[in-house]
2 protein chains.
Amino acid sequence: MTAQPTSRVTIKDVAARAGVSKGAVSLAFNHKPGLSEATRDRIFLAARELGWAPNLTARTLAGSRVDVVGLAICRPARLLGLEPFYMEFVSGVESVLIERNCSLLLRLVRNVEEEVGLQESWWRGRQVGGSILVDFRADDPRVAATGRLGLPVVAVGHPAFTGGLTSVWTDDATAVTEAVRYLAVLGHRRIARVGGAAALGHTAMRTAAFDEAARSLELAGAWQVTTDYSGEAGGRATRSLLTAPSADRPTAIVYDNDIMAVAGLSVAAEMGLNVPRDVSLLAWDDSQLCRLTHPTLSAMSHDVHGFGAEAARTLFAVITGEGPGSHPVPTPVLTPRGSTAPPAV
Amino acid sequence: MTAQPTSRVTIKDVAARAGVSKGAVSLAFNHKPGLSEATRDRIFLAARELGWAPNLTARTLAGSRVDVVGLAICRPARLLGLEPFYMEFVSGVESVLIERNCSLLLRLVRNVEEEVGLQESWWRGRQVGGSILVDFRADDPRVAATGRLGLPVVAVGHPAFTGGLTSVWTDDATAVTEAVRYLAVLGHRRIARVGGAAALGHTAMRTAAFDEAARSLELAGAWQVTTDYSGEAGGRATRSLLTAPSADRPTAIVYDNDIMAVAGLSVAAEMGLNVPRDVSLLAWDDSQLCRLTHPTLSAMSHDVHGFGAEAARTLFAVITGEGPGSHPVPTPVLTPRGSTAPPAV
DNA sequence: AACGTTTTCTTAACCGGTAAAGTCCCTATC
DNA sequence: GATAGGGACTTTACCGGTTAAGAAAACGTT
């Protein structure tokens, strides 16, 4: 890409106008000692008159801070658009970046290996000051890679998967358990779960928690399937669960996100089943979507925006040298709405 | 932000290892003439052995290309998460950037003025090689500002609002007309439209087109309201439209996005109205959402992903010096599904 | 008054590349 | 055999900042 900015005001021009050296201007703009109040003022005045602000690229190259945070999302581009979760998450991240005058460098990658390469080149090229890593899986190569590079990162995921990295996470196991218990208390004995991508760490965690809850509650039936998080997959999974003979099919289904729950709801309607009388549905993530359907969707509600914000704040802490830590954010809480009720019989 | 990359391989190390000057390495990596095949190979080999890749920051500062595209979205951070449109659009942009090894610099801004300032600092600081501008309004200050700066941009919006900037746009007026005609042909005589943000150019355009269509078709009733694009607002608007006495309320409603249409659908259900028998609903943008509801939503369907991709491609053309142009992308086409039908009476 | 300290600012060397101008050598030409 | 013309590199001067080291003036001390 080539194309030249028209007028260029540099530190030199400011220095000349204020009658000082560029070193002095630099000192002033970095709030470093060694300048009298008078010259400091003169410099700021000159800068304001010329409309100058330090060039971040040059500043970065010269070896100081980098005001950019990296985020690579591993997903085929076509699917990204469909996940309300990420949009909310990103907006939470942005809300913190904005107040620190930082920007987000966003990139879609096809797989973890590609992400490792990307993070490495970002960091070595000083394109980012740190990164937010998401979608951890078992034996995630990013743990070792970022450690080796010295790249400051915050890992969004359960410590079981994020190794020694500073992490921000929700206690999904507890949430799944709560969800299943709630449905059991309502009287459901045959419960299914439509999970997300099997490769992801938190999916595995939820799967294990679901199994455990089903066993400890001695449920009569417990099914689990994994999908790709898309509405289509969620709908398909629901259809297959609900086509079993009525005495043998789940009376309640838990979904791993809200898009799939919406799809499930529509499949139930299309099959002539009444929600919640014939089957109860429970969503996850709880974006605005859950309040827009009819009936409204009960959900494991979760402040995704706040989750993103916390991740960003934690990253800043890491960058400024804070040691590794584990930052749980509030566990998703059950928000009952219109899609859950005791089973009909 | 401070934190140092551990090992640093620079062009100098590569040059030393290949036994050439750093100028030669630069020539090799930029595929410029003036080097023998033999040395070229030696240089690439050395680079590979050392795991070196040119530092983009330095490269940028030295005045060549910038591999970053800017995108500022003007919206309160909390709302961004709710718009499937942007997520899809961004994913389309990414799909083109990814194949050119470029990244997207994303930033939320509170208002257009803030965006103007941001774009200016991005450009002057060579943080971006060009930008994608969205959400044009009447007398948009960005037209003049980007022209003055010489910032290469692609404007996503109708030429009526984007001044002399190269634009990528959909013919919303024609689409609105088609939507209204379609409903009229089905037999609807009282049609309403729940529009987006009033300040936006394309909203104004759609409003005018709707008025015009209503007049030319001599509809018995035509209502229009503007909202903030949120599901809540869409639901509210729908409720207020449908509470009129039945002989005097719309039998069809057109929405400016899909979230509002989904909300409208649920409001209708909640009011005991059957869709499409009692009222027909027609969405816009047509994300996956429209196929997940029951009944499925008819929509003015539109390849938003492709729209984003086209915007990105056009930006690259602008950056490489192509003169101003106007690039219409296909007009949204009506995709009838389950939410539209002739009125009951 | 001579001398060590500060304070205040300047100089100059980077950061890691790019690119124009310069050097050297090899070959074709008259 | 002298000269012009290229090809293949190297030199060197930036890009726009930061920062360590140096210098000049102001200040306090004995």
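Sequence lines set the chain letters: A, B, ... in the order given, protein chains first and strands last, and positions in each chain run from 1.
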Spacing of CG belonging to A:Leu35 relative to CG belonging to A:Leu27, to within rounding of 0.5 Å
5.0 Å

B:Asn30 CG to C:dG17 P: how many Å, rounded?
11 Å

Can you measure A:Gln127 atom CD to C:dG17 atom P for me and round it to whole angstrom units?
12 Å

To the nearest 0.5 angstrom, please state how far the CG atom of B:Leu118 sits from the SG atom of B:Cys74.
11.5 Å

Using a cut-off of strictly less than 4.0 Å, decide whether B:Thr10 has a side-chain nitrogen or oxygen near OP1 or OP2 of C:dG16.
no

Give a yes or no on whether the backbone of B:Thr57 and the side-chain of A:Thr57 come within a donor-acceptor separation of less than 3.5 Å.
no

As a test of understanding, state which of B:Pro328, B:Ser326, B:Pro324 forms a side chain to side chain contact (heavy atoms under 4.5 Å, CB included) with B:Ser167.
B:Ser326

Check every atom of D:dT18, C:dG16, D:dT19 against the side chain of A:Ile11 and return the nucleotide holding the closest atom.
D:dT18

So with a 6.0 Å cut-off around CG of B:Asn111, is the heavy-atom count from everything else above 12?
yes

Interatomic distance, B:Leu56 CG vs C:dG17 P [rounded to whole Å]:
10 Å

So which of A:Glu115, A:Glu113, A:Gln119 actually passes side-chain hydrogen bond (donor to acceptor under 3.5 Å, both in side chains) with A:Arg142?
A:Glu115

So, taking the atom named OG in B:Ser103 and the one named CG in A:Leu71, what distance separates them when rounded to the nearest 0.5 Å?
11.5 Å

Indicate yes or no for a side-chain donor-acceptor contact from B:Thr320 to the backbone of B:Phe316 under 3.5 Å, with no hydrogens or angles considered.
yes

Atom pairs, protein N/O to nucleotides 7-11 of chain D N/O, distance under 3.5 Å:
| unit_1 | atom_1 | unit_2 | atom_2 | d |
| --- | --- | --- | --- | --- |
| D:dC9 | OP1 | B:Ser36 | OG | 3.4 |
| D:dC9 | OP1 | B:Thr39 | OG1 | 3.4 |
| D:dC9 | OP2 | B:Ser36 | N | 2.6 |
| D:dC9 | OP2 | B:Ser36 | OG | 2.9 |
| D:dC9 | OP2 | B:Thr39 | OG1 | 2.5 |
| D:dT10 | OP2 | B:Ser21 | N | 2.8 |
| D:dT10 | OP2 | B:Ser21 | OG | 2.9 |

Specify the separation, in whole Å, of atom NZ of B:Lys32 and atom P of C:dA21.
13 Å

NZ of A:Lys12 versus P of D:dG17: gap in Å, rounded?
11 Å

Nearest-Å distance for atom pair CG/C1', residues A:Leu61 and D:dT19:
14 Å

What is the distance, to the nearest angstrom, from the NE2 atom on B:His31 to the P atom on C:dA19?
14 Å

Atom pairs under 3.5 Å, N or O on each side, protein against nucleotides 23-27 of chain C: can you list them with distances?
none

Taking the six-membered ring for Trp, are A:Phe29 and A:Trp52 closer than 6.0 Å centroid to centroid?
yes

Gap separating the CG atom of A:Asn55 from the OG1 atom of A:Thr10, nearest 0.5 angstrom
9.5 Å

Between the protein and nucleotides 25-28 of chain D, which nitrogen or oxygen pairs are less than 3.5 angstrom apart?
none

Nearest to the B:Arg59 side chain among C:dT18, C:dC15, D:dT18, which nucleotide is it?
C:dT18

Taken to the nearest 0.5 Å, the spacing of A:Arg124 CZ from A:Leu149 CG works out to 7.0 Å

Just how far, in rounded Å, is C1' of C:dG16 from CZ of A:Arg124?
14 Å

